[in-house]
Chemist: 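Handing you this structure, nothing more for now.
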Amino acid sequence: MDIELKGKRALVTGANSGVGRAIVRAYIRAGAQVAINYVAHPGAARNLVEELTREGGQGFAYRADVSDPEAVSTMFAGIDDVWGGLDILVNCAGIDGPRELAWEARISEWRRVIETNLFGAFYCAQEALRRMVPAGSGVVINLTSVHEQLPWSGYSAYTASKAGLGMLTKTLAQEAGRHGVRVLALAPGAIQSPINRSVLEDKEGLAQLLTRIPTERLGDPEDVAGMAVVLASDAARYITGTTVYVDGGMSLFPGFTHWD
Ligand code: BGC
């Protein structure tokens, strides 16, 4: 079975940087057409469209804040105008929010994280399923995190949003399975991407982070993108409602690793 996405129409949210951008590039290489959703840095979105068009790929950029349900509906209507349907949705837009202990956390920041990571993914999944279910096929991939299962002090909104998204994935998979639609979670560990900028610039923080990864390296965005291709392809046609971890073993409680 070939791992390819020839002729598939894919929407990737949060797609003009980091893991989202790597997924766009990988999807184009696999033969898909890609709608690149972004909310900030329009120049980066434009550059990405130019890059993939130069290489013979097809795609367009669409600005929409996924935490705004009206903006999401308008984006999907816009995609209908261009493609008349959608085969793959990748919910990649996400933020980690400020590091604040729960009893000091600002409600406005807490809400912003949940509204982007959980509500945003739900709004997009809902619109996608409204198209995929009647069509009898489609794949939704939700980017969660190792923090779908690992607690992370200072990031209660982030961990709650990712655990919630993991369970949302299972429930949507159950609802959509009989209609030929698969719903999956893809959970990265620590990846060399903008969301990790501060730790990448902090030598000590980085050394400490590496002790939590059995393979002793951070992931590349391409490590996650490769699995996003596999999961959207027919090679994964019997996989739904589960989380695939791309984390170098980070979720294996590496504190329990003993070398001797
Ligand atoms: C976060 C990263 C973090 C990683 C491992 C990811 O979900 O976005 O900032 O390094 O989890 O803790």
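Just follow the structure's listing: the first ligand is 1, and inside any ligand the first atom is 1.
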Chemist: Are any side-chain N or O atoms of Arg182 and backbone N or O atoms of Leu231, one a donor and one an acceptor, separated by less than 3.5 Å?
Modeler: yes
Chemist: Test your reading of the model: is there a side-chain donor-acceptor pair from Glu4 to the backbone of Lys6, 3.5 Å cut-off?
Modeler: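 Yes; at least one donor-acceptor contact below 3.5 Å.
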Chemist: Within the distance-only criterion (no hydrogens, no angle test), does the side chain of Arg21 pair as donor or acceptor with the backbone N or O of Ala15 below 3.5 angstrom?
Modeler: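 The answer is no, because no donor-acceptor pair under 3.5 Å joins these two groups.
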Chemist: Could you give the side-chain donor-acceptor pairs of residues 88-98 under 3.5 Å, partners two or more places apart or in another chain?
Modeler:
| from | atom 1 | to | atom 2 | distance (Å) |
| --- | --- | --- | --- | --- |
| Asn91 | ND2 | Ala121 | O | 3.1 |
| Asn91 | ND2 | Asn142 | OD1 | 2.8 |

Chemist: Between ligand 1 and the protein, which N/O pairs fall short of 3.5 Å?
Modeler:
| from | atom 1 | to | atom 2 | distance (Å) |
| --- | --- | --- | --- | --- |
| ligand 1 | 7 (O) | Ser145 | OG | 2.6 |
| ligand 1 | 7 (O) | Tyr158 | OH | 2.6 |
| ligand 1 | 8 (O) | Tyr158 | OH | 3.0 |
| ligand 1 | 9 (O) | Asn196 | OD1 | 2.6 |
| ligand 1 | 10 (O) | Asn196 | OD1 | 3.0 |
| ligand 1 | 11 (O) | His147 | NE2 | 3.4 |
| ligand 1 | 12 (O) | His147 | NE2 | 2.7 |

Chemist: Taking only distance into account, with no hydrogens and no angle test, what donor-acceptor pairs under 3.5 Å do side-chain atoms of residues 40-50 form with protein atoms, sequence neighbours excluded?
Modeler:
| from | atom 1 | to | atom 2 | distance (Å) |
| --- | --- | --- | --- | --- |
| Asn47 | ND2 | Gly43 | O | 3.4 |

Chemist: Applying side-chain hydrogen bond (donor to acceptor under 3.5 Å, both in side chains), name anything that partners Thr159, two or more places apart in sequence or on another chain.
Modeler: none
